[in-house]
Asker: 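Below you will find the structure I want to go over with you.
We name chains A, B, ... by the order of the sequence lines, and we start the count at 1 in each one.
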2 protein chains.
Amino acid sequence: MDVNIDMCQNGSMSNVKALPLLEPEAPEAVVPCCPPLTERPLTADEAEKTARMFKALGDPVRLRLFSLVASHEGGEACVCDISDVGVSQPTVSHHLKKLREAGLLTSERRGTWVYYRVEPSVVAAMGQMLGTLD
Amino acid sequence: MDVNIDMCQNGSMSNVKALPLLEPEAPEAVVPCCPPLTERPLTADEAEKTARMFKALGDPVRLRLFSLVASHEGGEACVCDISDVGVSQPTVSHHLKKLREAGLLTSERRGTWVYYRVEPSVVAAMGQMLGTLD
DNA sequence: TCGGTGCATCGACATTCGTCGATACAAGAC
DNA sequence: GTCTTGTATCGACGAATGTCGATGCACCGA
């Protein structure tokens, strides 16, 4: 089970080159998806894509991890800063991977530590579907 | 409105008697939940509650059903109007129940048919959690 | 009263998911 | 080099989830 690469908007320019290790596959770019949910019914394809983003926030541990990153000073957080959510370290890592694969977080290794930050455009897209951001 | 919705995690089964009609749980209790995800880390309890709403939209079929109701003329839709999403009738019913339990939809029987409509405050609350990211 | 239609529930099944300990890998300190 | 710390992956397990056909209940028309 892997993520398939979706080209679109993978910031070809300002993107920091990741070190050779992490991020073997690009977190798919999910941004340009769908209109507000009230505008028209979603197609099956649109629903499939979008559901992945909502599902990523549909777990309590992931939601806490996400809000820990989102609310962390500087807009980013080292894993060590946020790993106290009551589950084991492998589980934290697993959930962070899910959030990355859904496009909600990005990660970058700097020295010993790995820093996560929110991908604002994806979150904005979700908000827009719910109708509050227009 | 007096019933509460607060079925926490254990109530997957018989928290509701099959009474003469639908609408076992009241909408309305999920609203005053949480601040924007960027404001501060969610507590475990907040995350538990909120994750249920996101999880409800985390399935492609449910997302389509939701958008079918949300975009339907008049703000509501009979089940018969939206049940063509490629799964069986019991499955549609099951998903609509999940959306009801999450507080995202309400239902009302009128004669032969059952009508679903979006609970706007709950959806607004979700949007608000995502909305102020920048 | 009876038959038909719309929707919900039940019971069963396969698949996915969340979790863990064990282990592997990366980087820095020594 | 070796040791230690931070993070990811692996393999396994039980629990939850999505799906279906069969069935039950509510309503309405004849």
Asker: In whole Å, what is the span from the CZ atom of B:Phe54 to the P atom of C:dC17?
Answerer: 19 Å

Asker: Among the nucleotides D:dG18, D:dC20, D:dT7, which one has an atom lying closest to any side-chain atom of A:Val114?
Answerer: D:dT7

Asker: Is there a side-chain contact between B:His95 and the phosphate of D:dT17, meaning an N or O under 4.0 Å from OP1 or OP2?
Answerer: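 For B:His95, the contact criterion (side-chain N or O under 4.0 Å from OP1 or OP2 of D:dT17) is not met.
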
Asker: Could you check whether A:Ser93 gets within reach of a base, just the sugar-phosphate, or nothing at all, counting any heavy atom under 4.0 Å?
Answerer: base

Asker: Taking CG from B:Leu65 and P from C:dA8, how many angstroms apart are they, rounded to a whole number?
Answerer: 11 Å

Asker: If you look at every strand shown and take non-hydrogen atoms under 4.0 Å, does A:Tyr116 touch a base, only sugar-phosphate, or nothing?
Answerer: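 Sugar-phosphate, no base atom in range.
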
Asker: Spell out, as yes or no, whether a donor-acceptor pair under 3.5 Å connects the side chain of B:Thr50 to the backbone of B:Ala47.
Answerer: no

Asker: Between C:dG6 atom C1' and B:Trp113 atom CH2, what is the distance in whole Å?
Answerer: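 So the CH2-C1' distance, B:Trp113 to C:dG6, works out to 9 Å.
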
Asker: In terms of side-chain heavy atoms of A:Ser88, which of C:dG6, C:dC20, C:dA27 is nearest?
Answerer: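 Among the listed nucleotides, the one closest to the side chain of A:Ser88 is C:dC20.
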
Asker: Report yes if the side chains of B:Thr91 and B:His95 come closer than 4.5 Å at any heavy-atom pair, otherwise no.
Answerer: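 Yes, close enough: below the 4.5 Å cut-off.
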
Asker: Output the rounded distance in Å from CZ (A:Arg109) to P (D:dA8).
Answerer: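 Result: 7 Å.
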
Asker: Roughly, in whole Å, what's the span from CG in B:Leu96 to C1' in C:dG6?
Answerer: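 Those two atoms, CG and C1', are 13 Å apart.
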
Asker: What nucleotide, of C:dG18, D:dG18, C:dG6, holds the atom closest to the side chain of A:Asp59?
Answerer: C:dG18

Asker: What is the distance, rounded to the nearest whole Å, between atom NZ of A:Lys97 and atom P of D:dG6?
Answerer: 22 Å

Asker: Which is more 5' along DNA chain C, the nucleotide nearest A:Gly58 or the one nearest B:Val92? Just name the residue.
Answerer: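 Taking each residue's closest nucleotide, the earlier one in sequence belongs to B:Val92.
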
Asker: So A:Leu104 and A:Met126, do their side chains get closer than 4.5 Å, heavy atoms only?
Answerer: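 Sidechains of A:Leu104 and A:Met126: in contact.
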
Asker: Side chain of A:Val61 only, heavy atoms from C-beta on: which candidate in C:dG6, C:dT19, D:dG18 is closest?
Answerer: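 So the side chain of A:Val61 is nearest to C:dT19.
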
Asker: Which whole-number value in Å describes the distance from A:Leu57 CG to C:dC17 C1'?
Answerer: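 Those two atoms, CG and C1', are 16 Å apart.
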
Asker: Of the listed nucleotides (C:dA8, D:dC20, D:dG18), which one gets closest to any side-chain atom of B:Thr91?
Answerer: D:dC20

Asker: Report the nucleotide, chosen from C:dC7, D:dT7, C:dC17, that has the shortest atom-to-atom distance to any side-chain atom of A:Lys55.
Answerer: C:dC17

Asker: Rounding to a whole Å, what distance do you find between A:Arg52:CZ and D:dT17:C1'?
Answerer: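 Value for this atom pair: 18 Å.
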
Asker: Evaluate the side-chain proximity of B:Phe66 to B:Val123: yes if any heavy-atom separation is below 4.5 Å, no if none is.
Answerer: yes

Asker: Between B:Arg110 and B:Tyr115, is NZ or CZ placed under 6.0 angstrom from the six-membered ring centre and within 45° of the ring axis?
Answerer: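 Yes, B:Arg110 and B:Tyr115 form such a contact.
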
Asker: Which nucleotide in the set D:dT17, C:dA8, D:dT7 lies at the smallest distance from any side-chain heavy atom of B:Lys98?
Answerer: D:dT17

Asker: Which nucleotide sits closest to the side chain of B:Pro90: C:dC7, D:dC20, C:dC20?
Answerer: D:dC20

Asker: Select one nucleotide: of D:dC28, D:dT7, D:dG18, the one nearest the side-chain heavy atoms of B:Arg62.
Answerer: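 Among D:dC28, D:dT7, D:dG18, the one nearest the side chain of B:Arg62 is D:dG18.
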
Asker: Nearest to the side chain of B:His94, which nucleotide is it out of D:dT19, C:dA8, C:dA27?
Answerer: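 The listed nucleotide nearest to B:His94's side chain is D:dT19.
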
Asker: Is there a donor-acceptor contact under 3.5 Å from the side chain of B:Arg52 to the main chain of B:Ala102?
Answerer: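 No, the answer is negative, given that no donor and acceptor are paired below the 3.5 Å cut-off.
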
